[in-house]
Each structure stands twice: as C-alpha cells, then as structure tokens.
Enquirer: 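Structure below; questions to follow.
First the proteins, then the strands, lettered A, B, ... as listed; each starts at 1. Because the structure is a prediction, the values reported are computed rather than measured.
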Amino acid sequence: MLNFILARLLSAFGVILGVVLLVFLLIHLVPGDPIEVMLGESASAVDKTLLRHSLGLDKSLSEQFIQFLYGLSHFDFGMSLHSKKPIATLIAQRIMPTVELTLAALFVACLLAFPLGIMAALNKDKYPDGLAMGVSLIGVSIPNFLMGPLLILLFSVALGWFPVSGRSGLASLVLPALTLGSALAAILSRMIRASLLEVLNEDYIRTAKAKGLSKTRIIAVHALRNALLPVITLIGLQIGALLAGAVITEMVFSWPGLGQLTIESIQKRDYPVVQVCILLISTTYVVINTLTDIAYGLLDPRIRLSE
Amino acid sequence: MVLIRIITLGTVLILSACSDNAEPQFKSLETTSAVSQPIRFALVSAPVTLSPLYATDATSVRINRLLYQRLVDFAVDGHPIPSLASWQRINLRHYRFTLKLDEYAQLPRFHHNKELTAQDVKASYQAVLDKKNASPHRKSLAHIERMDVLDKRTIDFYLSRDDALFPAFLVIGIMPKDLLKTHHPFNTQPVGSGDFVFSQWPFEGQLFLRRRSDKQLFEFLKVKDPTLRVLKLLRGEVDIVQNNLPPEHIQFLQKRAEDKTNPLLFLTKKGANYSYLGFNLQDKDTGSLLLRQAIAYALDRDKIIRYALGNAAQKAEGFFPEYHWLGSALMPYDFQQKKAIALMHQLGYSEKKRLSLSYKTSSDPFRIRIASIIQSQLKAVFIDVDIRSYDWGTFYGDIKKGHFQMYSLTWVGINTPDIFRYVFHSDSIPPTGANRGRLLNASIDQLIEQAEQEQDMAHYVQNYQRLQKKIQQVLPYVSLWYEDNIAFLRRDIIGYEVSANGNYDALHFVSRQTATH
C-alpha cells in the first residue's frame with residue numbers, strides 16, 4: 001500500500017513539475033516585454049537595462065527557471081513585476097474570494113441538483129423527468145459568459161434583487177455562484193438520477209418496501225445514501241473544474257479572485273504572477289485527483305493489485 | 001450525511017469570508033474614523049502604483065495627483081503654472097523655486113503631519129534621479145546637475161543644458177524625506193501632502209481614500225466592462241463613471257440624463273487626448289507620401305465622429321488642440337474622396353488594381369469597430385484593409401518593432417513639446433524613443449533641434465509651430481480626433497466637473513447632497 005501511495009505522490013510531483021515547466025516556457029514565448037509595460041517607452045535604455053537586471057530578466061531562461069524553482073522550494077513566490085508587491089500577498093488577497101465563489105457554486109449546484117435528480121428518478125420517463133432533464137440540459141449548454149449577463153439583466157437590472165457585480169457582501173455572491181454552479185448542477189442532477197435509478201432496483205430496496213417503510217424513509221435513508229457514493233466522487237473531482245471555470249465567471253462579475261488576477265497578469269506580461277496562479281490551480285487539480293486515486297486504492301484492493 | 005456536513009461547512013465558510021470583505025490589508029495613516037457613505041468612482045483599470053516615482057499609467061497618475069502635491073501644474077492651455085512653488089529663471093541653466101505658504105502663512109503638511117520643506121523637494125527629485133530606483137521619469141529630468149536648498153522654502157535647480165521649459169517637467173509628487181530615507185513602500189502606503197489620505201487598498205481593484213478637509217471617504221472601484229459600469233451606475237452601486245464608454249452607452253445614458261426626474265447627470269468637456277493613424281515609413285507602400293495623403297483625404301472623420309463617436313470628439317490636425325499654447329492652425333486634411341482617388345490613380349491603383357494594407361489595432365471592441373469603419377471608407381479609394389487585432393502586449397510589441405503597415409493609437413496627457421523629439425526625431429527609433437514609424441527626415445530633425453535650443457519664449461512657440469507645419473506636410477501620422485471627456489454621475493453628487501485632460505481633480509470639491517424632507 002505504501003508503494004502505491006508513494007508511486008501516486010511521485011507521479012503527482014512529476015505532473016506539477018511538467019506544468020511548471022510548460023507554463024514557464026509558454027509565457028516567455030508570448031510576444032511583449034514586461035519591462036516596456038512597466039516603464040513605458042519614455043524610460044531610458046539604461047533604466048530599462050537596470051530594471052531588467054534587478055528583476056533577473058536578463059538571465060537565460062534556464063537560469064530564470066532554476067531560480068523560480070529554488071524560490072518555490074522555499075515558498076518564496078517572488079515579486080509581481082507590475083505592482084512590485086510580493087506575489088504571496090497578491091495570492092492571499094485573491095484566493096479567499098475564489099474559494100468563496102467555488103464553495104458557493106458547489107452549494108448552489110447541490111441545492112439545484114438534488115431535487116432535480118430525485119424528481120427525475122422517481123418519475124422516470126414521465127413529464128417531471130423530462131422537465132428536470134431539460135432544465136439540466138439548458139444548464140449545461142449555456143456557457144458562463146452568456147449565463148452571467150442574462151442573470152444580471154434579470155435579477156439585478158429588472159428585479160433589482162442583487163448587485164450587478166463586485167464583491168460587497170453575501171448578496172453579491174448569489175449571481176456569480178448561480179452562474180458557476182449551474183453547469184455543475186446539470187451534471188450532478190443527471191448523475192443523481194442515474195445512480196438513484198440503479199439503486200432503486202436493488203434487492204434491499206425491495207426488502208425495505210416489503211417491511212412497510214414509508215416512501216420518504218426508503219428514498220432518504222436507504223436509496224439516496226447508497227446512490228450518493230459516485231456523486232460525492234464526482235463533486236470532489238469537479239472542485240478543480242470549478243476553480244478553473246471561475247476565471248470566466250470572475251471576469252463577468254468583476255469578482256476579485258484568482259481567475260481575474262491570472263487574466264490581468266497575462267495581459268500585463270507579469271510572468272511570475274501568471275506562473276504562480278497557474279501553478280496553484282493545476283496543483284489543486286493534481287492534489288484532488290491524487291487524493292481520489294489514493295482513496296480508491298484504500299477502499300478497493302483490486303486497484304492496488306492492478307497497479 | 002457527509003454531503004450535508006460539507007454543505008453546512010461551505011455555507012459557514014462563505015458567510016465568514018464575506019463578512020471580512022472590507023478589512024484593510026495595509027496600514028492606514030488615517031487619524032479619524034468618521035463614518036460617511038463613500039462617494040464611489042468607477043475605474044476602467046486599477047492604479048498600478050501609488051508611488052510618484054513609478055506612476056506612468058493614466059489611473060495611477062490621476063490618483064497620485066490626489067495624494068501628492070507637485071511643484072508645477074498645467075493651465076487649461078497647457079502652460080506650466082505654479083502649484084506648490086513659484087519660480088524664477090536666474091540664468092539659462094539655473095532656476096529658483098520658492099514654496100508657497102497657505103492662508104495662515106504656513107507650509108503644507110504631509111499626511112503624517114511633518115512640514116513639507118525644500119529638503120523634501122530635493123529628496124523626492126534625488127529619488128527620481130537615483131539609478132537604483134529605475135524611475136521611468138529619470139530620463140526627462142536627467143539634465144538636473146545639482147540641487148541646492150537655500151532655506152526651508154527655497155531650492156535652486158542647476159541644469160547641464162539650457163532648457164526654457166524646465167519647470168514643465170517638475171510635476172513629480174513630493175514625498176517626505178524621512179520616509180524616503182527609510183525606503184517606505186509608497187507604492188502601497190502613500191504618504192503625500194495632497195488633500196486625499198490613503199485609507200485602504202483591500203485588493204487591486206478597490207481603493208479607499210479619505211479627503212482631509214471633511215473626512216469624506218472615496219471608493220475607487222475597478223469595473224472593466226463598460227456595460228457593467230453603466231448598469232452599476234443605473235443601480236446606484238457607483239456614483240461617477242468617467243470616459244471609456246462606447247457611443248451607444250453614452251447615447252443611452254444621455255437620453256436618461258435629459259430626463260430631469262432621472263437620477264443621472266451628464267457632463268462633458270472637450271478633451272486633448274490625440275488619436276491618430278500611424279504608418280511604417282520604411283514600408284514600400286505606406287512609405288509613400290502620396291498614399292498617406294490619399295488615406296488622409298479618403299477618411300470622412302466628420303461622419304465617424306458623428307455616428308461612431310456620438311459627436312463626443314473634435315477633429316484633430318496635430319498633437320495639440322488650437323487652444324493649447326503650442327497649438328497651431330495647420331492645413332486640414334478634410335474628406336475629399338475625388339482627390340484621394342486621383343492620388344491613388346497617380347500611384348497606379350484603380351478598381352482593377354487594388355492595394356492591400358494591413359491595419360493593426362488592439363482587441364478593444366470599440367477600436368476594432370473604428371478600424372472597420374476606416375476599412376470601409378478606404379475601400380472606396382481602391383485600398384483593401386486587412387484588420388488584425390491583438391491583445392495589448394502583442395500589439396504594442398509589434399508596433400515598437402516596426403512590424404506593421406498601419407495602426408491607430410491615442411496619445412494621452414501630452415502637455416510639453418518634447419513629444420516631437422520623442423516621436424519624430426530620427427534618434428528616437430524604439431527602444432530609444434517612440435518613433436515607431438521609423439521617420440528619417442533631416443529637416444524635421446533640424447527643426448526639432450532648433451526649437452529645443454530657443455530660449456526666447458516667443459520664438460520658441462514660433463519654432464514649434466513651424467515644425468508642426470512641416471510634420472503636417474510630411475504626414476507621418478494622419479491625425480484623427482481628440483476624444484471629449486465625458487462623465488455620468490448620480491444627481492445627488494454635486495460639485496463635480498470634467499477636466500480637459502480627464503484628471504480626477506474635481507473630486508476635491510465633490511459632495512453628496514443629502515435628501516431633505
């Protein structure tokens with residue numbers, strides 16, 4: 001078992017290192033000079049050279065990469081080229097809004113998906129099933145950049161219930177969370193429906209019915225509990241996707257999160273910030289996937305043996 | 001059960017996270033905790049830095065003007081005028097600046113209550129000139145040879161060359177010497193002597209300043225998307241929106257503002273930001289004067305201004321509008337399609353033999369729309385324009401490298417005539433300067449040098465006017481327009497005025513009218 005966990009951790013480390021290298025190379029291939037963006041054209045060539053030197057941008061790519069890795073190993077993310085603030089500070093400012101948004105989106109997704117999925121499963125091939133699956137199809141089909149403005153027009157402009165954009169309290173979280181969570185809700189509701197339908201045909205459900213238990217008790221205690229296992233796995237895996245999907249939602253709603261910071265830093269050619277942001281998002285993905293793999297391995301010996 | 005626990009935990013986390021939203025991340029120098037509803041100003045981009053040493057982007061410069069005072073400022077016509085200090089020219093290379101006193105015969109005070117003296121002025125300019133600081137403003141002040149502080153109020157500047165317009169460059173915000181010595185992080189914790197004190201900067205897109213005189217709080221909120229800015233204004237989530245709105249948004253808001261019962265007010269002022277078409281003069285096509293003239297005559301700027309800019313711009317013929325002290329009545333290139341066609345015929349082009357040109361622009365939707373209109377207008381004179389839009393970094397990089405035939409950009413905040421050397425002198429090809437079109441013209445170089453050497457102000461102006469006429473003949477740029485500065489505000493905000501250069505200076509006088517019953 002220890003070997004299995006070590007192999008998984010090693011492979012995760014390799015993936016993260018690969019991502020770091022790829023991001024580092026790609027961001028340096030993009031045209032545009034951060035020094036020009038920082039100092040503008042009016043600065044003298046001497047000042048540009050001095051600044052390039054002081055930021056270590058005159059070193060070779062390999063040297064810069066090694067320096068970046070060395071910094072990472074000491075949890076020193078470096079300074080933003082643009083704002084001259086420590087990247088750790090920038091990340092600390094932005095990570096909480098993104099976590100807030102992700103958790104809220106997850107909450108919204110569960111809130112929508114469970115009633116829809118259960119309603120669809122209990123009314124298989126009937127009108128409510130079609131309605132629930134139709135709604136989930138719409139949810140998964142409308143992209144965030146369209147869903148966001150539509151929700152703003154309806155709930156902010158027409159009804160005046162929520163703020164248009166920004167992060168100013170709980171009310172401002174509702175629309176971004178609804179936008180981000182709607183696609184996940186659609187996927188989850190389909191999964192819940194399929195999983196519940198499978199469980200409802202099991203022998204123990206038939207036994208429960210024979211014992212004369214109420215329908216609500218059978219669904220809530222016996223069926224749903226067992227149907228939830230694959231759903232929870234899916235939720236875990238989707239957290240990474242929510243983090244990545246938050247980029248667009250954050251831009252639409254001017255939500256000051258990690259996604260917005262990443263996009264702005266790309267536009268400003270703020271290489272170190274982009275690297276750290278992407279590293280953070282991809283590490284979250286890798287960590288969640290690795291933990292899922294390890295959990296599967298712990299729960300199912302066949303996976304360990306096949307490895 | 002696990003899921004319920006996760007959801008509950010999530011809710012608790014979200015609620016707790018949302019509640020600490022306004023916690024200050026940086027230590028504030030405020031001494032008061034006066035509670036007032038902030039006046040909220042929507043920004044397109046957040047300030048990059050709050051340090052006068054590094055502020056170059058428009059938002060940083062404008063916010064810095066509120067936080068710091070400077071020795072010199074500019075009048076509406078672009079003349080340098082005394083701000084913190086008056087000056088006299090002792091000789092060609094020696095200026096004396098004397099700090100002004102307030103109505104109580106006292107020197108201004110910094111936000112940390114220290115007196116602003118000539119020593120602080122010297123320390124601030126020394127910081128700019130210090131190579132280690134790599135300030136982008138160093139180049140324009142590099143001819144300061146020495147500074148001598150005579151007393152608390154007086155400082156002498158000695159220059160390494162004659163410069164009749166030297167005071168116009170002393171616009172750097174003055175920082176306190178004691179904090180400069182300790183390498184205080186002015187970029188995040190500014191300490192100036194302006195009427196606005198730094199309050200909080202919770203994250204890049206949200207900045208709070210407090211006005212010293214009445215403790216009124218101001219919130220500067222970045223809302224990049226113009227539609228969101230408009231919606232937030234309509235819903236009262238922001239109080240002031242200034243510039244950077246597409247014409248349809250302007251017209252939509254204007255109609256609402258005309259209705260006196262609507263809570264919106266519209267303000268406008270002629271602007272001085274200069275938009276132009278630039279050409280690569282080393283290119284075999286755009287290097288031809290006849291072609292550039294044909295393009296200039298083929299553009300119907302009146303129509304573009306009326307329909308695409310919603311009449312919110314004035315036609316331009318050169319860098320400076322005519323009301324500017326260096327402005328000159330230049331030969332206009334008005335729309336004359338027949339003349340443009342004749343010039344194209346002269347170059348050998350016709351309906352059968354058309355010319356293809358590439359036109360680079362940023363990915364801003366409004367700039368792409370303007371490019372499409374220009375494309376359509378040039379089509380009538382046998383020019384097929386291939387529009388290529390890029391993200392800002394790529395576009396800007398290409399322009400500086402000379403990888404273009406034609407592009408459009410806007411010069412913002414031009415006040416001083418050194419722009420001519422910077423943009424048109426053959427020594428100013430990037431990376432040295434901004435001669436992006438690679439103009440190599442000996443007579444323009446000579447006129448620039450002559451104009452710079454002139455010390456008599458009357459001749460100085462004449463020389464620059466002569467230079468502008470020559471540039472208009474050579475036509476390295478086709479001038480487009482000066483976009484007006486516009487602002488929409490909630491009607492309960494009183495005292496705001498739009499400035500010609502788009503600064504936020506009127507925030508000194510703004511207040512919120514409280515409802516009376």
Enquirer: Which bit of A:Leu224 comes within less than 4.5 Å of chain B, counting heavy atoms only: side chain, backbone, both or neither?
Expert: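 Looking at A:Leu224, nothing touches chain B.
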Enquirer: Using a 3.5 Å distance criterion without hydrogens, assess whether the side chain of A:Arg94 forms a donor-acceptor pair with backbone atoms of B:Phe203.
Expert: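 Side chain of A:Arg94 to backbone of B:Phe203: no pair is present.
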Enquirer: Can you name the closest pair of heavy atoms from B:Thr188 and A:Lys85 and give their distance?
Expert: CG2-CE, 3.3 Å
Enquirer: Among the options B:Thr227, B:Asn133, B:Asp57, B:Asn187, pick out the one with the most heavy-atom pairs lying under 4.5 Å from chain A.
Expert: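 Among the listed options, the one with the most contacts to chain A is B:Asn187.
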Enquirer: For A:Val157 and B:Leu234: C-alpha separation, side-chain torsions, deciding distance, then whether side chain to side chain contact (heavy atoms under 4.5 Å, CB included) applies.
Expert: CA-CA 9 Å; A:Val157 180; B:Leu234 290 175; over 6 Å; no
Enquirer: Could you look at B:Lys132 and say if it's the side chain, the backbone, both or neither that has a heavy atom under 4.5 Å from chain A?
Expert: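 No part of it gets close to chain A.
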Enquirer: CD/B:Gln206 to CD/A:Gln93 distance, rounded to the nearest 0.5 angstrom?
Expert: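 Between atom CD of B:Gln206 and atom CD of A:Gln93 there are 11.0 Å.
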Enquirer: Would A:Glu264 and B:Lys224 count as a side chain to side chain contact (heavy atoms under 4.5 Å, CB included) here? Give the steps.
Expert: CA-CA 11 Å; A:Glu264 286 167 357; B:Lys224 196 173 178 184; 5.6 Å; no
Enquirer: Select one option (side chain, backbone, both, neither) describing which atoms of A:Ser156 are under 4.5 Å from chain B's heavy atoms.
Expert: both
Enquirer: Under a 4.5 Å heavy-atom cut-off, does chain A meet the side chain of B:Asp225, its backbone, both or neither?
Expert: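 Interface part for B:Asp225: neither.
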Enquirer: Run B:Asp391 and A:Ile266 through side chain to side chain contact (heavy atoms under 4.5 Å, CB included) and show every step you take.
Expert: CA-CA 10 Å; B:Asp391 86 286; A:Ile266 291 171; 5.9 Å; no
Enquirer: Looking at every non-hydrogen atom in both residues, tell me the closest pair between A:Ser254 and B:Lys222 and how far apart they are.
Expert: OG-O, 4.3 Å
Enquirer: The test is side chain to side chain contact (heavy atoms under 4.5 Å, CB included); show your working for A:Phe162 and B:Arg235 and say whether it passes.
Expert: CA-CA 10 Å; A:Phe162 303 109; B:Arg235 284 207 5 107; 5.9 Å; no
Enquirer: Just checking, any donor-acceptor pair under 3.5 angstrom between side chains of B:Lys232 and A:Ser165?
Expert: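 Per modelled atom types, B:Lys232 and A:Ser165 side chains form a pair under 3.5 Å.
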